[in-house]
Amino acid sequence: MPYHLVIFGASGFTGQFVVEEVARTASEGPKGNLKWAVAGRSKQKLEKVLEQAAGVLSKPELRTEVDVIVADVGEPDSLAAMCKQAVIVLNCVGPYRFYGEPVVKACVENGAHHIDISGEPQFLEGMQLNYNSQAADKGVYIIGSCGFDSIPADMGVLYTRDQFKGTLSAVESFLTVNSGPEGGCIHDGTWQSAVHGFADSQKLQSLRRKFNHKPLPTVGSRLRRRGSLFFSSEIQQYTVPFMGSDPSVVKRTQRFLVEEHQASPVQYGAYAGIGGVGSIIKLMFAGMMFWFLVKFSFGRNLLIKHPEFFSFGVFSKAGPTRKQMEASSFQFAFYGEGYTEEQDPSQGKPNAKIRTLVQGPECGYVATPIAMVQAALTILNEPTALPKKGGVYTPGAAFAKTTLIDRLNKHGIQFSVI
């Protein structure tokens, strides 16, 4: 294979930061060497991104040493040619519900592993339904949601389970995001994924029915769902259920571990802090507008045209500045409960607790590239620790037996027990 990694969509907003992260960590490739290339629709834009990375990282050799591949989602032959040259494709082209499947299909057909940073359950679960058996036949790993969605949550639950002495039965996570004095925002691509995701929530339900899953067994007391807005004593602020893909990804991991490794399943609830009363008023107002508009195509068009207005500046077409990114960080606090080794989980209430933290830099464009690139390096360096056969996997299912958490710890996404 000419390339260990090909970054597809390298000139997109997130792609440019993935390029920088790959360039930073090239010495961690197999035998201390990583062969990589960038791919996308425009040769010019790709060259410009390499130029930019060369400047930011003071690595002038990036201009000449990294190959450029022209490939387009709308041209299957170009995708096939790209996939034939890659051990792993890092797919940064979203929203994945529109542009993801052709890339997955090309990877499966041409024997390349595929890593994406999607936070769209409909896409992630759809790929599992449609490509899992084909990927298994080809020995290809299709691993979704390898960015901030949902490596910290998925690996965080596994880390909490592994650190707990006994049987962990339930975990709740509380996400808090801190932006510095400059504030912060999220690029418009994520907003578009959210708009279409909420509009399509019925389709997700019918997709899930096709799996014919039996309900997962529960161990210990049933985890109670909290209200849609409550004051959390854990993080000392007002809190809402987390709207992202984490609960869906964690549940799929737990199902895999129960079915493949006869593990004891962990129940999971995900919440996010929103701050004080001012934030609540803003969120409720934005939420009502969003729910009203997302139901109609004219409303969706309005939402997509004016992300800053409708999200009170949380999302923007320009995305955050580097200065905003540098000052921003996230923290997941995991509160787990379970049964000590001498206590029988089928008898009585959980009798032990554990608290863990996963903390890291700015979520979207610093932590996401780190997580994605470390996932790729784990596949390259630890193939025997991956699941025995190929398939469509969550990060937790794919990486449970690898050293991914240690790798993340070394790169500023830190896992710890409190």
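For the numbers below, each heavy atom of this structure counts, side chains included, while hydrogens, waters and symmetry mates do not.
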**Q** Within the 4.5 Å heavy-atom criterion, are P102 and P76 side-chain neighbours or not?
**A** no
**Q** Within the distance-only criterion (no hydrogens, no angle test), does the side chain of R300 pair as donor or acceptor with the backbone N or O of V294 below 3.5 angstrom?
**A** yes
**Q** So which atom in Y268 and which in A153 form the shortest heavy-atom distance, rounded to 0.1 Å?
**A** OH-CB, 3.7 Å
**Q** With no hydrogens and no angle check, do the side chains of D72 and S78 hold a donor and an acceptor under 3.5 Å apart?
**A** no
**Q** State, with a plain yes or no, whether a side-chain heavy atom of F8 is found less than 4.5 Å away from one of I69.
**A** no
**Q** Hey, are E234 and S232 close enough side-chain-wise for a donor-acceptor pair under 3.5 Å?
**A** yes
**Q** Go through the steps for H196 and F98 under the test ring pair (Phe, Tyr, Trp, His ring centres under 6.0 Å), then give the verdict.
**A** CA-CA 10 Å; H196 294 294; F98 299 130; 4.7 Å; yes
**Q** How many angstroms lie between atom OG of S169 and atom CZ of F164, to the nearest 0.5 angstrom?
**A** 7.0 Å
**Q** Does Q44 have more than 12 heavy atoms from other residues, nucleotides or ligands lying within 6.0 Å of its CD?
**A** no
**Q** Enter the distance from E341:CD to T167:OG1 here, rounded to the nearest 0.5 Å.
**A** 8.0 Å
**Q** Mind listing the closest non-hydrogen atom pair of S145 and L124 along with its distance?
**A** N-CD2, 3.6 Å
**Q** Can you see which heavy atom on F330 is nearest to which on A367, and at what distance?
**A** CE2-CB, 3.8 Å
**Q** Does any donor atom in the side chain of E101 or Y131 lie under 3.5 Å from an acceptor atom in the other side chain?
**A** yes
**Q** Is a donor on one side and an acceptor on the other found under 3.5 Å between the side chain of Q16 and the backbone of F13?
**A** yes
**Q** Does any non-hydrogen side-chain atom of P265 lie less than 4.5 Å from one of P217?
**A** yes
**Q** Look only at the side chain of N381 and the backbone of E28, and say whether a donor-acceptor pair between them is shorter than 3.5 Å.
**A** yes
**Q** Is a salt bridge present between E125 and R208, judged by a nitrogen-to-oxygen distance below 4.0 Å?
**A** yes
**Q** If you define the side chain from C-beta out and look only at heavy atoms, does anything of Y159 sit under 4.5 Å from V417?
**A** yes
**Q** What is the distance from atom SG of C107 to atom CG of D116, rounded to the nearest 0.5 Å?
**A** 10.0 Å
**Q** With F415 as reference, evaluate L408, L357, T356 under the side chain to side chain contact (heavy atoms under 4.5 Å, CB included) test and give the passing residue.
**A** L408
**Q** Apply salt bridge (Lys or Arg N to Asp or Glu O under 4.0 Å) to D200 and list each qualifying residue two or more places apart in sequence or on a separate chain.
**A** R97, K203
**Q** Taking the side chain as every heavy atom from C-beta outward, state whether C92 and M372 have any atom pair closer than 4.5 Å.
**A** yes
**Q** Hey, is the main chain of K84 close enough, under 3.5 Å, to the side chain of N110 for a donor-acceptor pair?
**A** no
**Q** Atom CZ of residue position F242 - does it have more than 12 heavy atoms of other residues, nucleotides or ligands inside 6.0 Å?
**A** yes
**Q** Atom CG in L380, atom NZ in K31: separation rounded to 0.5 Å?
**A** 11.5 Å
**Q** Check L79 against A71 and note the closest heavy-atom contact, atom names and distance.
**A** CD2-CB, 4.4 Å
**Q** Counting N and O atoms only, with roles assigned by atom type, does the side chain of T25 sit under 3.5 Å from a partner on the main chain of E21, one being a donor and the other an acceptor?
**A** yes
**Q** Any donor-acceptor pair under 3.5 Å linking the side chain of Q85 with the backbone of A81?
**A** yes
**Q** Going by heavy atoms in the side chains, are I413 and P361 under 4.5 Å from each other?
**A** yes
**Q** Please tell me whether Y3 and D67 have a donor and an acceptor in their side chains that are separated by less than 3.5 angstrom.
**A** yes
**Q** In terms of ring plane angle, is the pair H113 and Y141 parallel, tilted or perpendicular, where the classes change at 30° and 60°?
**A** tilted
**Q** What heavy-atom pair brings V93 and G9 nearest, and what distance separates the two atoms?
**A** CG2-CA, 3.5 Å
**Q** Atom CZ in R209, atom OG in S206: separation rounded to 0.5 Å?
**A** 6.0 Å
**Q** Whether R407 and E382 form a salt bridge (side-chain N of Lys/Arg under 4.0 Å from carboxylate O of Asp/Glu) is what I want to check.
**A** yes
**Q** Is any side-chain heavy atom of F399 less than 4.5 Å from a side-chain heavy atom of L158?
**A** no
**Q** Is the shortest heavy-atom distance from the side chain of S245 to the side chain of E120 under 4.5 Å?
**A** no
**Q** Would you kindly say whether S193 and Y96 are connected by a side-chain donor-acceptor distance under 3.5 Å?
**A** no
**Q** Taking the side chain from T64 and the backbone from E61, do they hold a donor-acceptor pair closer than 3.5 Å?
**A** yes
**Q** So, for I7 and V19, which heavy atoms are closest and what is the spacing to 0.1 Å?
**A** CD1-CA, 3.8 Å
**Q** For a ring pair (Phe, Tyr, Trp, His ring centres under 6.0 Å) with F174, tell me which candidate from F332, F334, Y271 qualifies.
**A** Y271
**Q** Whether the T253 and T394 side chains hold a donor-acceptor pair (N or O, under 3.5 Å, no angle test) is what I'd like checked.
**A** yes
**Q** Considering only NZ, NE, NH1 and NH2 on the basic side and carboxylate oxygens on the acidic side, decide whether E172 and R226 come within less than 4.0 Å.
**A** yes
**Q** Any side-chain to backbone donor/acceptor pair from S328 onto N178? Under 3.5 Å, distance only.
**A** yes
**Q** Looking at C363, is its backbone amide N or carbonyl O close enough to the side chain of T368 to form a donor-acceptor pair, meaning the two atoms are under 3.5 Å apart?
**A** yes
**Q** Is E20 reaching over with its side chain to a backbone N or O of A53, donor-acceptor style, under 3.5 angstrom?
**A** no
**Q** Is a salt bridge present between E47 and K43, judged by a nitrogen-to-oxygen distance below 4.0 Å?
**A** yes
